[in-house]
Number of protein chains: 2
Amino acid sequence: MAIAKTAAFSKKEQEIAAFAKAIAHPARVAILKVLAGKTECVCGQIVDVLPLAQSTVSQHLKELKAAGLINGTVEGPRSCYCINWKAFEKFRNEFNSLFDTLQVKNNSCC
Amino acid sequence: MAIAKTAAFSKKEQEIAAFAKAIAHPARVAILKVLAGKTECVCGQIVDVLPLAQSTVSQHLKELKAAGLINGTVEGPRSCYCINWKAFEKFRNEFNSLFDTLQVKNNSCC
DNA sequence: CAGATTAATCGTACTTTTACGATGAATAAG
DNA sequence: CTTATTCATCGTAAAAGTACGATTAATCTG
């Protein structure tokens with residue numbers, strides 16, 4: 001990237017970008033869907049569903065967790081993940097807020 | 001990336017991920033805000049506002065255009081960009097649809 | 001036509017992301 | 001206690017992303 005200029009932008013812009021980055025990979029979207037669809041928390045089942053190696057899935061989970069979108073707790077030899085609905089709701093609002101902001105002036109000249 | 005596994009996921013997942021990727025950088029979020037805030041189409045003004053070099057801004061614009069989020073037309077020696085509201089609305093809906101899908105079963109066990 | 005302006009593209013450098021296999025740590029099962 | 005299971009982490013490799021300066025192409029201006 002040659003020295004990230006991220007810090008030069010507003011906090012809001014950085015937040016939205018970070019959230020978008022978290023879901024900017026089909027594997028992570030798929031993981032979220034799996035987590036949302038199960039009643040109980042899942043872990044290795046995700047690996048079975050996705051066309052990726054275990055280590056790669058673990059990496060994606062780590063990123064989702066770092067973004068605050070999911071929670072993870074250790075349950076014996078296995079890890080239990082689930083969606084952090086609070087954070088999700090927050091981002092949903094932030095997203096719609098961005099959309100609203102953009103659409104206040106709906107002028108398309110080209 | 002070592003051979004992208006993108007193709008192994010559903011089209012919807014790919015679409016959402018691609019859109020998220022487009023706004024997964026604060027500079028691109030900022031660009032969209034600038035475009036939305038102006039009545040007339042802008043081009044080089046974006047460079048003045050952002051803390052980035054002209055070539056870098058041009059690159060970001062290219063990505064936004066490739067994602068279908070903005071339109072661009074050449075106007076003499078300068079280029080005129082503006083938001084593709086139709087695509088934006090589409091993605092807004094797709095996004096809310098994803099949120100809804102995820103929140104159908106709101107079970108958090110951890 | 002000559003020079004200035006605007007913006008795309010090229011070349012380059014460096015960082016980050018994506019992906020895998022292998023290893024390691026923790027716990028469950030025998 | 002030994003073995004199997006589950007998952008995180010490490011090391012590595014390759015691809016993509018980010019950023020810049022320089023160059024180029026197009027078009028205005030004088």
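Predicted model, so just to flag it, every value in this text is computed and none were measured. In what follows, chains carry the letters A, B, and so on, assigned in the order in which the sequence lines appear, proteins first and then strands, with residues in each chain numbered from 1.
Side-chain nitrogen and oxygen atoms of B/Thr56 include at least one within less than 4.0 Å of the OP1 or OP2 phosphate oxygen of D/dC20. Put simply, A/Arg78 has no side-chain N or O that comes within less than 4.0 Å of OP1 or OP2 on C/dA26. Within the structure, a side-chain polar atom (N or O) of B/Lys5 is placed less than 4.0 Å from OP1 or OP2 of C/dC20. Within the 4.0 Å cut-off from OP1 or OP2 of C/dT6, not a single side-chain nitrogen or oxygen of B/Tyr81 is found. Within the 4.0 Å cut-off from OP1 or OP2 of D/dA8, at least one side-chain nitrogen or oxygen of A/Ser79 is found. Between A/His60 and the phosphate of C/dT17, there is no side-chain N or O to OP1/OP2 separation shorter than 4.0 Å. For B/Lys21, a side-chain nitrogen or oxygen approaches OP1 or OP2 of D/dG17 to under 4.0 Å. Note on B/Ser58: a side-chain N or O is less than 4.0 Å away from OP1 or OP2 of C/dA8. At the phosphate of C/dA19, OP1 or OP2 sits under 4.0 Å from a side-chain N or O atom of A/His25.
When the P atom of D/dA8 is taken as reference, atom CG of A/Leu61 falls 7 Å away, rounded to whole Å. The separation between B/Ile46 atom CD1 and C/dA8 atom C1' is 14 Å, rounded to whole Å. In this entry the distance linking CZ of B/Arg28 with C1' of D/dA19 reads 12 Å, nearest Å. Between A/Gln45 atom CD and D/dT5 atom P there is a gap of 16 Å when expressed in whole angstrom units. If you measure from atom CD1 of A/Ile31 to atom P of C/dA19, you get 10 Å, rounded to the nearest angstrom. Put simply, CD1 on A/Ile23 is 17 Å from C1' on C/dT17, counting in whole angstrom units. Spacing between atom CD of B/Glu63 and atom C1' of D/dG17 amounts to 7 Å, rounded to whole angstrom units.
Of all the heavy atoms in B/Leu35 and B/Tyr81, the pair that sits closest is CD2-O, 3.5 Å. Between A/Ala36 and A/Ile83, the closest heavy-atom pair is CB-CD1, 3.8 Å. Closest of all the heavy-atom pairs between B/Glu75 and B/Cys80 is CG-CB, 3.7 Å. The minimum heavy-atom distance between B/Leu50 and B/Ala30, with the atom names listed, is CD2-CB, 3.8 Å.
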Quick one: side chains of residues 86-96 of chain B, donor-acceptor pairs under 3.5 Å with protein atoms, not counting sequence neighbours, listed by atom name and distance.
unit_1	atom_1	unit_2	atom_2	d
B/Glu89	OE1	A/Gln103	NE2	2.8
B/Arg92	NH1	A/Asp100	OD1	3.2
B/Arg92	NH1	A/Gln103	OE1	2.9
B/Arg92	NH2	A/Asp100	OD1	2.8
B/Asn93	ND2	B/Glu89	O	3.4
B/Asn96	OD1	A/Asn96	ND2	3.4
B/Asn96	ND2	A/Asn96	OD1	3.4
B/Asn96	ND2	B/Arg92	O	3.3

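Heavy-atom distances to DNA chain D give each of A/Gln54 and A/Phe9 a nearest nucleotide, and the one nearer the 5′ end belongs to A/Gln54.
Contact annotation for B/Gln59: base contact, defined as any heavy-atom pair under 4.0 Å involving a base atom. Residue contacts shown for A/Ser55 include a base, since a base heavy atom lies under 4.0 Å away. Using a 4.0 Å heavy-atom criterion, one finds that A/Leu52 contacts the sugar-phosphate atoms exclusively.
The main-chain N or O of B/Pro26 is never found under 3.5 Å from a side-chain atom of A/Gln14 such that the two would form a donor-acceptor pair.
Side-chain proximity of A/Lys62 to the nucleotides D/dT5, C/dT18, D/dT9 is greatest for D/dT9.
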